[in-house]
Amino acid sequence: MGFDLISGISEEGEQGAITMFPLFLLDHHMTARELGMWNGVVAMAFSICGSSAGGFLLSRYSIGLLMRRVFVIRTVSMVFQCSLLTVLEPSPLMKGMSVLSLSVQHFIAGLITTLTFTAMMNCTQRAEESIQATHYSFLATLEVLGKLSFSALAGGMVDTVGFPIAFLLFLFLTSSSALHVWRATETGALKEQLKEQPQ
């Protein structure tokens, strides 16, 4: 359960970025119509593809290996997105990089959602049979609550400290989650879930 709580907290960095980056783009690089298309339609398609890819990858690799790699990739993606905050002048290149960043972030978010819920199901299977449904429901509620509560706070944070400082906090949360997941899958809560990679 500790892993799931930390994982939920760590997703707040990602969720803050996913929630606030479109507002940054609206202020500096895109019209509302463009943003609606890229963030509403295209990014959601990438999220669905990420979830599907997660299921496919889980059939081939261990959950621990996947989580370590995906959480590090997410941190690198956040560094890229934070670097885009320094470019305030609209240009076709910036627009393309922004769309790429949105798409990658949503793909990774979909992938992580599949991995997280799989880890929660594996954890629930080890609980007593009489409380498994309650156990899983509680973990799923924590995961969703973490995302929703931070999304509500992210706007106030950006208004108070500005986009660059808020995104540095989002990056800190994201990178600390990668470190936590690495440790949990190497030596902690998820170690017993590791299995040999298929040849």
Side-chain angles (χ1 to χ4, degrees), residues 7-57 66-116 144 146-182:
S7 178
I9 291 168
S10 69
E11 286 190 31
E12 292 176 352
E14 173 191 59
Q15 194 62 34
I18 284 176
T19 304
M20 292 295 110
F21 191 66
L23 294 178
F24 170 79
L25 294 177
L26 190 59
D27 288 346
H28 297 285
H29 300 286
M30 291 188 178
T31 65
R33 184 182 182 118
E34 290 173 319
L35 192 58
M37 172 64 179
W38 291 113
N39 192 52
V41 177
V42 175
M44 290 304 116
F46 273 92
S47 180
I48 292 167
C49 289
S51 294
S52 300
F56 174 76
L57 291 171
L66 288 172
M67 289 186 96
R68 283 192 303 271
R69 291 184 178 171
V70 171
F71 274 67
V72 169
I73 291 168
R74 179 176 72 174
T75 302
V76 171
S77 174
M78 280 289 299
V79 169
F80 174 66
Q81 195 168 68
C82 286
S83 71
L84 294 176
L85 296 174
T86 63
V87 181
L88 300 177
E89 293 300 317
S91 72
L93 177 62
M94 177 58 189
K95 197 175 284 190
M97 292 299 195
S98 299
V99 168
L100 174 65
S101 177
L102 281 172
S103 301
V104 168
Q105 284 287 71
H106 279 82
F107 181 86
I108 293 170
L111 188 55
I112 287 175
T113 297
T114 298
L115 296 176
T116 300
V144 172
K147 284 182 177 180
L148 293 177
S149 63
F150 197 74
S151 290
L153 298 174
M157 185 183 310
V158 167
D159 287 341
T160 303
V161 298
F163 281 107
I165 302 295
F167 269 75
L168 285 176
L169 176 63
F170 302 156
L171 179 59
F172 171 75
L173 290 170
T174 300
S175 59
S176 63
S177 71
L179 178 62
H180 172 74
V181 166
W182 196 278

Shortest non-hydrogen separation from [X] to [Y] and the atoms involved:
X: Ser77; Y: Gln105; value: OG-OE1, 2.8 Å
X: Pro164; Y: Leu85; value: CA-CD1, 4.3 Å
X: Met78; Y: Ala17; value: SD-CB, 3.5 Å
X: Pro22; Y: Ile18; value: CD-O, 3.1 Å
X: Ala178; Y: Thr75; value: CB-OG1, 3.5 Å
X: Ala53; Y: Phe107; value: CB-CZ, 3.8 Å

- Query: What do you reckon, is CZ of Phe80 surrounded by more than 12 foreign heavy atoms closer than 6.0 Å?
  - Reply: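 It does: Phe80 CZ has more than 12 such atoms within range.
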- Message: Quick check on Phe21: does its CZ atom have over 12 non-hydrogen neighbours (other residues, nucleotides or ligands) under 6.0 Å away?
- Response: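 Enclosed.
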How long is the span from the [atom1] atom in [X] to the [atom2] atom in [Y], to the nearest 0.5 Å?
X: Ser177; Y: Phe172; atom1: OG; atom2: CZ; answer: 10.5 Å
X: Leu26; Y: Asn39; atom1: CG; atom2: CG; answer: 10.5 Å
X: Met20; Y: Asp159; atom1: CE; atom2: CG; answer: 8.0 Å

- Would you mind reporting whether Leu23 and Phe163 have side-chain heavy atoms less than 4.5 Å apart?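 With C-beta onward as the side chain, the pair touches.
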- Phe167 versus Leu171: any side-chain heavy-atom pair under 4.5 Å?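 Phe167 does not reach Leu171 side chain to side chain.
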- Message: Among residues at least two apart in sequence or on other chains, which ones pass side-chain contact (heavy atoms from CB on, under 4.5 Å) with Leu57?
- Response: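 Scan of Leu57 (side-chain contact (heavy atoms from CB on, under 4.5 Å), adjacent residues dropped) gives Tyr61, Leu66, Leu111.
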- Donor-acceptor contact present, side-chain Thr114 to main-chain Ser51, <3.5 Å: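 A pair under 3.5 Å: yes.
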- Check the pair Trp182, Val72 against side chain to side chain contact (heavy atoms under 4.5 Å, CB included), reporting the backbone distance first and the verdict last. CA-CA 9 Å; Trp182 196 278; Val72 169; 4.2 Å; yes
Acceptor/donor pairs from residues 91-104 side chains to any protein atom, 3.5 angstrom cut, sequence neighbours excluded:
{"unit_1": "Ser91", "atom_1": "OG", "unit_2": "Met94", "atom_2": "N", "d": "3.1"}
{"unit_1": "Lys95", "atom_1": "NZ", "unit_2": "Glu34", "atom_2": "OE1", "d": "3.2"}
{"unit_1": "Lys95", "atom_1": "NZ", "unit_2": "Glu34", "atom_2": "OE2", "d": "2.8"}
{"unit_1": "Ser98", "atom_1": "OG", "unit_2": "Met94", "atom_2": "O", "d": "2.8"}
{"unit_1": "Ser101", "atom_1": "OG", "unit_2": "Gln81", "atom_2": "NE2", "d": "2.9"}
{"unit_1": "Ser103", "atom_1": "OG", "unit_2": "Val99", "atom_2": "O", "d": "2.9"}

